> 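Got a structure for you, written out below as structure tokens; questions coming shortly.
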Amino acid sequence: MDRFIIDGGVPLCGTVRVSGSKNAALPILIATLLTDDPCVVENCPTGLRDIRTTVRLLESLGKKVTVEGASVRVESTGSLKTQAPYDIVKQMRASVLAAGPLLARFGLVRVPIPGGCAIGLRPIDIHLKGFEAMGARRIADQGDIIMSAARLKAGPLKLRFPSVGATENLMMAAAAVPGRTVIRNAAREPEITDLGAFLTKLGAKVSGAGTANVTIEGKAKLSGARHRVMDDRIEAGTFLIATAATRGKVRVAGAHAEHLEAVLVALRRAGAKVRVGRGWIEIEMRARPKPTAIKTAPHPGFPTDLQAPWTALMTLAPGFSKVREAVFENRFMHAAELGRMGAQIAVSGGAAVVAGVEQLSGAPIMASDLRAGAALLIAGLAAKGRTVLQRVYHVDRGYEAVERKLAGLGARVERAR
Ligand code: UD1
């Protein structure tokens with residue numbers, strides 16, 4: 001298992017370019033199941049484990065996939081299967097997104113129940129309720145969910161919570177069902193907007209993606225399309241926070257201010273100088289951050305995926321900062337590991353109080369999940385001395401070539417096997 005050896009204390013300086021968005025690429029690649037025509041998806045972070053898993057998922061369902069650099073071509077080889085293999089779903093929860101397209105096209109899908117993960121239970125009840133409202137019947141069978149419907153019907157849907165995955169799954173299903181489906185209380189994340197644009201290119205008409213009411217005019221036969229995936233706003237935010245923590249100056253190319261408003265507000269409150277331009281954000285921070293309270297929320301709130309990196313930054317702020325996690329129930333796994341580096345964090349329920357310290361010190365630490373791994377990496381970059389970060393495979397799920405990108409900014413970080 002790979003680890004990172006980080007010699008901390010170097011301010012990050014220079015320019016870095018983010019990759020295409022993992023969380024936008026996953027549903028868009030899966031949406032290619034909606035058509036038999038070829039699709040080309042560009043700006044895909046193909047170095048990421050989750051993207052490789054998605055490629056395997058598409059292949060296991062009967063697609064031919066060709067990866068060339070950041071471009072992924074998906075073609076049909078004949079008929080598709082309607083059963084997602086357990087060994088893939090268990091590796092990547094997002095596999096459950098295959099249910100929408102397959103159910104809509106073939107009236108039948110069998111997916112293993114994804115089960116829990118490190119950051120919470122993560123049920124899929126909102127996805128399933130939505131399919132049922134579209135006329136599907138659900139049968140549970142030996143750990144799998146089988147959904148069937150002679151024909152899904154379009155119609156109004158209302159989500160009890162704006163789940164990103166459920167919104168995507170239902171949008172994809174609705175795209176292949178003739179008629180108008182309106183999803184109320186839909187998630188408003190920019191990745192939803194990107195998926196909406198792709199579905200429109202396939203021939204469905206999607207409007208309101210990125211707002212709480214998404215309307216999809218579906219079509220029985222969708223065609224192929226070429227699409228460039230949006231840039232990764234979470235990767236961009238991670239570089240901005242890492243720069244603040246190391247007191248450096250970095251321009252993040254591929255960072256879009258309109259995707260990161262809540263994060264930029266928090267960074268400015270913490271004392272960072274932030275400049276934005278078309279397709280880039282520049283940050284400069286030369287002093288310790290000021291203690292700043294944040295609370296995660298569905299978009300446009302502060303993204304839960306940047307909560308752990310933010311907590312790492314706040315460990316260096318003089319005074320007390322409060323971090324409230326309101327999207328996932330168990331997302332403070334990084335707190336104990338940060339404690340090993342000298343951070344003082346008290347977690348109670350869904351909130352953490354961070355008592356900032358002057359400096360963190362390098363230590364052997366371990367990533368428990370993707371974003372916790374990013375937080376620990378940031379802490380290691382800011383800390384005095386050497387940090388050895390174990391279980392880097394979590395970080396590799398969401399950050400492409402992160403050690404190379406960081407080294408380009410002057411960081412001393414190496415991957416060791
Ligand atoms: C997506 C992102 C993930 C991000 C999250 C929230 C991808 C591949 N992943 O995950 O990085 O952290 O959005 O921004 O895009 N929930 C239910 N029932 C459901 C579905 C969700 O109770 O049927 C709950 C979850 O347990 C969680 C909350 O809703 O507490 C948010 O989940 P959701 O928005 O669905 O996140 P994902 O789509 O899994």
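In listed order, ligands and their atoms are each counted from 1. If you read the sequence from its start, that first residue is 1, and numbering goes on from there. Only a predicted model underlies this, so the values are computations on that prediction, with no experimental measurement involved.
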> Ligand 1 and A166, any nitrogen or oxygen pair closer than 3.5 angstrom?
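Between A166 and ligand 1 (N or O atoms, distance only) the closest approach is not under 3.5 Å.
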> Once side-chain contact (heavy atoms from CB on, under 4.5 Å) is applied, do any residues pair with D36, and if so which ones, sequence neighbours excluded?
S76, R105
> Under 4.0 Å from a heavy atom of T304: which atoms of ligand 1 are those, numbered in the order shown and with their elements?
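Checking each atom against T304, I get 6 (C), 12 (O), 14 (O).
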> Salt bridge check: are E400 and K405 linked by an N-O gap of less than 4.0 Å?
no
> Would you mind finding which of L159, D50, N23, N330 brings a heavy atom closest to atom 8 (C) of ligand 1?
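Ranked by closest heavy atom to atom 8 (C) of ligand 1, first place is N23.
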> Heavy-atom distances under 4.0 Å decide this one: backbone, side chain, both or neither, for D125 against ligand 1?
both
> Report the part of R331 in contact with ligand 1, treating N, CA, C, O as backbone and CB onward as side chain, heavy atoms under 4.0 Å; options are side chain, backbone, both, neither.
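The part of R331 near ligand 1 is the side chain, not the backbone.
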> Out of all atoms in ligand 1, which are within 4.0 Å of some heavy atom of L26? Include the element for each.
8 (C)
> With heavy atoms of F161 as the reference, note each atom of ligand 1 found under 4.0 Å away.
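That gives atoms 28 (C), 29 (O), 31 (C) of ligand 1.
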> Taking R397 first and then D369, would you say they form a salt bridge - that is, a charged N and a carboxylate O separated by under 4.0 Å?
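Salt bridge: no.
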> Can you check whether P162 has an N/O within less than 3.5 Å of an N/O in ligand 1?
no
> Test L316 against every option in P291, S321, P289 by the side chain to side chain contact (heavy atoms under 4.5 Å, CB included) rule and name the one that passes.
P289
> Salt-bridged, D305 to R331, with N to O below 4.0 Å?
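Answer for the salt bridge query: yes.
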> If I take atom CD1 from residue I283 and atom NZ from residue K273, how far apart are they, to the nearest 0.5 angstrom?
11.0 Å
> Hey, does V327 come in under 3.5 Å of ligand 1, counting only N/O atoms on both sides?
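So ligand 1 has an N or O lying under 3.5 Å from an N or O of V327.
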> Can you check whether F4 reaches R415 side chain to side chain, under 4.5 Å on heavy atoms?
yes
> Record the part of H127 in heavy-atom contact with ligand 1 below 4.0 Å; permitted values are side chain, backbone, both and neither.
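Both parts.
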> Using the side chain to side chain contact (heavy atoms under 4.5 Å, CB included) rule, pick out the option among V402, D2, L376 that qualifies with V395.
V402
> At under 4.0 Å between heavy atoms, is it the side chain or the backbone of R160 that contacts ligand 1, or both, or neither?
side chain
> With heavy atoms under 4.0 Å as the rule, classify the contact between D305 and ligand 1 as side chain, backbone, both or neither.
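Only the side chain of D305 comes within reach of ligand 1.
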> Begin from the C-alpha positions of M230 and E191 and carry the test side-chain contact (heavy atoms from CB on, under 4.5 Å) through to its verdict.
CA-CA 8 Å; M230 64 178 273; E191 292 77 11; 3.8 Å; yes
> Tell me the nearest of P298, P123, G165, A187 to atom 20 (C) of ligand 1, using heavy-atom distances.
P123
